[in-house]
Undergrad: 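Below you'll find the structure I mean.
If you read the sequence from its start, that first residue is 1, and numbering goes on from there. Atoms within each ligand, like the ligands themselves, are counted from 1 in listed order.
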Amino acid sequence: MDKIRMTTPLVEMDGDETTRLIWAMVKEELLTPFVDLRTEYYDLSLPSRKATDDAVTMDAARAVEKYGVGVKCATITPNAQRKVEYDLPRLYPSPNGTLRAALDGTIFRSPILLPGAVPLVPTWTAPITVARHGYGDIYKGVELTGREGDTVRLTGDAGEKTVFSFKGPGVAMAMHNTDKSIFAFARSCFACALDKKQDLWFSCKDTILQTYDGRFRDIFQQVYDEEYKAAFEDAGIHYFYTLIDDAVARCMRSSGGFVWALKNYDGDVMSDMIGAAFGALALMTSVLISPTGRFVYEAAHGTVTRHWRRRQAGERTSTDPMAILFAWTGALRKRGELDGLTDLASFAGKLEDAAMAAIGDGAVTRDIAQLLGRGTVTDTEGFIAAIRAHLEKSL
Ligand code: NAP
Ligand code: MG
């Protein structure tokens with residue numbers, strides 16, 4: 001069989017621990033035997049970040065800017081314990097944070113729906129993708145403790161307002177956001193919905209925060225009207241604004257299958273709720289989308305350190321490769337679409353189907369067996385071999 005051709009390289013960002021191991025297995029067993037894989041490789045593992053004083057992360061971000069599509073393995077965000085473990089000269093920032101800032105992008109998380117797995121909300125038959133705005137609001141909030149007799153004022157060059165005059169002890173807070181960040185967020189959300197061919201919902205509380213949340217609502221509407229209306233109509237999808245509480249109620253009664261854009265705090269909370277309702281952390285994928293249409297696909301989970309410790313001790317583990325696999329298929333499909341390579345895009349679909357067929361056979365990783373309430377537990381290697389057998393049949 002001739003290998004499937006690629007024309008533009010994917011930006012490949014390798015990572016740490018168990019996910020680095022699974023990354024190599026997926027490439028070796030499920031990709032390179034079938035695809036003439038072209039990647040520009042960046043090693044974002046902690047030892048490599050240490051060796052380059054983290055310059056490799058910015059190099060990878062520039063490559064994504066240049067080529068348009070990347071695929072990333074999970075990476076360690078160092079803390080005090082990791083600083084000792086890896087003998088680091090300083091605490092490097094999270095690579096995901098660096099990439100997000102460099103690309104001015106938004107992270108979209110979507111669950112992988114398994115045949116036979118019923119979400120906790122049984123009407124959700126299609127994935128719900130949550131987009132969380134990653135800048136400002138309470139995460140950059142400034143707080144004060146109010147004492148009896150204090151008057152807290154919000155002062156700007158354009159004027160001053162009294163927040164509250166305290167008659168007894170209490171608390172106060174101020175927060176901000178910027179048009180630049182909201183515009184970038186809105187553009188990434190419209191790009192994501194168009195990419196997925198799904199409706200976009202945006203919700204906030206503009207009845208209460210008429211200026212603050214009103215600005216978000218107006219910017220979303222402006223970006224839609226001026227930049228995306230025609231493309232949405234062509235694709236047969238809709239943009240829909242509603243109040244956050246109404247959106248929550250509608251979401252619970254929906255059948256899923258939409259992209260939900262949320263402000264920073266709302267997205268923080270809702271992404272955990274949606275994730276838990278759809279199943280396991282290991283079945284959550286994530287894509288970083290820039291306002292100019294650059295894509296970085298990855299698994300939402302981390303490097304699975306607990307399993308890595310067991311692997312280091314020579315044990316096999318039943319670590320789920322699905323989200324890593326779907327990061328690769330997402331990136332290959334996107335590359336195929338952008339380069340007009342239908343073989344490549346359809347390979348991505350066949351690989352996903354092979355994974356679903358292997359799950360149907362019943363020899364699965366522990367988390368999947370738990371989610372489905374059936375099946376025999378196999379290790380990662382066994383599960384990947386089963387996927388390969390199905391893939392070979394379908395090609
Ligand atoms: P984690 O790697 O997501 O793992 C937490 C737990 O979730 C695991 O111990 C395991 O539970 C379960 N799990 C996650 N992925 C799984 C999979 N593929 N298959 C089976 N079970 C899975 O989170 P963490 O342990 O908090 O973080 C580990 C490292 O990852 C940290 O250094 C952190 O900085 C980094 N991290 C990176 C990213 C990223 O690069 N995007 C994201 C998050 C965290 P059981 O042990 O119960 O089986
Ligand atoms: Mg959260």
Undergrad: Centroid-to-centroid, Phe166 to Phe164, below 6.0 Å?
TA: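 Yes, they do, as the ring centres are separated by less than 6.0 Å.
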Undergrad: Can you see whether Tyr224 has Arg187 sitting over its ring - NZ or CZ less than 6.0 Å from the centre and within 45° of the normal?
TA: no
Undergrad: Check Asn79 against ligand 1 and report side chain, backbone, both or neither, counting heavy atoms closer than 4.0 Å.
TA: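 Near ligand 1, Asn79 shows nothing, with every heavy atom at 4.0 Å or more.
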Undergrad: Taking atom CD of Glu148 as the centre, report whether more than 12 heavy atoms of other residues, nucleotides or ligands fall under 6.0 Å from it.
TA: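 Not more than 12 within 6.0 Å, no.
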Undergrad: Check whether the ring centres of Trp328 and Tyr297 lie less than 6.0 Å apart, and answer yes or no.
TA: no
Undergrad: Tell me whether Ser110 contacts the main-chain N or O of Pro127 through its side chain, where contact means a donor paired with an acceptor under 3.5 Å.
TA: no
Undergrad: Measure from atom 35 (C) of ligand 1 to the protein's non-hydrogen atoms and state whether any distance is below 4.0 Å.
TA: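 Looking at atom 35 (C) of ligand 1, one finds that a protein heavy atom does lie closer than 4.0 Å.
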Undergrad: Just to be sure I read this right, does ligand 1 sit under 4.0 Å from the backbone of His307, its side chain, both, or neither, counting only heavy atoms?
TA: side chain
Undergrad: I'd like to check atom 47 (O) of ligand 1 in this structure: does the protein have a heavy atom lying under 4.0 Å from it?
TA: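 When distances to the protein are checked, atom 47 (O) of ligand 1 has a heavy atom within 4.0 Å.
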Undergrad: With the threshold set at 4.0 Å, does a side-chain nitrogen-carboxylate oxygen contact exist between Glu12 and Lys27?
TA: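 So Glu12 pairs with Lys27 through a salt bridge.
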Undergrad: In terms of the angle between their ring planes, are Trp201 and Phe240 parallel, tilted or perpendicular, with boundaries placed at 30° and 60°?
TA: perpendicular
Undergrad: In plain terms, say whether Arg217 and Asp206 are close enough for a salt bridge, that is, a side-chain N and a carboxylate O under 4.0 Å apart.
TA: yes
Undergrad: Hey, which atoms in ligand 1 end up nearer than 4.0 Å to a heavy atom of Glu298?
TA: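 Once the distances to Glu298 are compared, the set is 41 (N).
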Undergrad: Test your reading of the model: is there a side-chain donor-acceptor pair from Ser318 to the backbone of Thr378, 3.5 Å cut-off?
TA: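 Yes; judged by distance alone, with no hydrogens or angles, the pair exists.
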Undergrad: Run down the list Ala323, Cys73, Gly302, Ser318 and name the one with the heavy atom closest to atom 42 (C) of ligand 1.
TA: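 Residue with the shortest heavy-atom distance to the ligand atom: Gly302.
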Undergrad: Using a strict 4.0 Å cut-off to heavy atoms of Asn96, name the atoms of ligand 1 that fall inside it.
TA: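 Taking each heavy atom of Asn96 in turn, ligand 1 has 39 (C), 40 (O), 41 (N) under 4.0 Å.
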Undergrad: Contact between Glu17 and ligand 1, counting heavy atoms under 4.0 Å?
TA: no
Undergrad: Less than 4.0 Å is my threshold; does some heavy atom of Arg366 fall inside it relative to ligand 1?
TA: no
Undergrad: Arg306 versus ligand 1: do any nitrogen or oxygen atoms come within less than 3.5 Å of each other?
TA: yes
Undergrad: Geometry only, no angles: is Asp367 polar-contacting ligand 1 at N/O separations under 3.5 Å?
TA: no
Undergrad: Any idea which part of Arg82 is under 4.0 Å from ligand 1, heavy-atom wise: side chain, backbone, both or neither?
TA: side chain
Undergrad: Return the closest protein heavy atom for atom 29 (C) of ligand 1 as residue, atom name and distance.
TA: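 Nearest neighbour among protein heavy atoms for atom 29 (C) of ligand 1, to 0.1 Å: Thr303 OG1, 3.1 Å.
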Undergrad: Heavy atom to atom 4 (O) of ligand 1, shortest distance: which of Asp320, Ile368, Val304 holds it?
TA: Val304
Undergrad: Pick, from Glu85, Met284, His301, the option with the minimum heavy-atom distance to atom 15 (N) of ligand 1.
TA: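 Comparing heavy atoms across Glu85, Met284, His301, the nearest one to atom 15 (N) of ligand 1 lies in His301.
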Undergrad: Which of parallel (below 30°), tilted (30 to 60°) and perpendicular (above 60°) describes Phe220 and Tyr239?
TA: parallel
Undergrad: Taking N or O atoms only and a 3.5 Å limit, does Thr305 qualify as a polar contact for ligand 1?
TA: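 There is no such contact.
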Undergrad: Under a 4.0 angstrom heavy-atom cut-off, which atoms of ligand 1 come close to Lys72?
TA: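 What qualifies from ligand 1 is 40 (O).
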Undergrad: Tell me whether the guanidinium CZ or amine NZ of Lys263 lies under 6.0 angstrom from the six-membered ring centre of Phe216 and within 45° of its axis.
TA: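 Yes; both conditions hold, so Lys263 lies above the ring face of Phe216.
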Undergrad: Taking only heavy atoms of Thr319 into account, list the atoms of ligand 1 that are under 4.0 Å away from them.
TA: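 Those qualifying, in numeric order: 17 (C), 18 (N), 19 (N).
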Undergrad: Considering only the protein, which heavy-atom contact is closest to atom 33 (C) of ligand 1, and what is its distance?
TA: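 Going by distance alone, atom 33 (C) of ligand 1 is nearest to Thr77 N, 4.1 Å.
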Undergrad: Does Leu200 reach the side chain of Gln198, with side-chain heavy atoms less than 4.5 Å apart?
TA: no
Undergrad: Find all atoms of ligand 1 within a distance of less than 4.0 Å from any non-hydrogen atom belonging to Ala74, and give their numbers and elements.
TA: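 By the 4.0 Å cutoff, the relevant atoms are 40 (O).
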Undergrad: Which of these passes side-chain hydrogen bond (donor to acceptor under 3.5 Å, both in side chains) with Glu315: Arg309, His307, Arg310?
TA: Arg310
Undergrad: Does any donor atom in the side chain of Thr7 or Asp339 lie under 3.5 Å from an acceptor atom in the other side chain?
TA: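 The answer is yes; a qualifying pair exists.
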Undergrad: With atom 7 (O) of ligand 1 as the reference point, say which of Leu281, Thr75, Ile22 has the nearest heavy atom.
TA: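 Nearest heavy atom to atom 7 (O) of ligand 1 lies in Leu281.
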Undergrad: Need the ligand 1 atom indices (1-based, order shown) with element for anything under 4.0 Å from a heavy-atom of Ala282.
TA: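 Those qualifying, in numeric order: 16 (C), 17 (C), 18 (N), 19 (N).
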Undergrad: Just to confirm, does any protein heavy atom lie below 4.0 Å from atom 44 (C) of ligand 1?
TA: yes
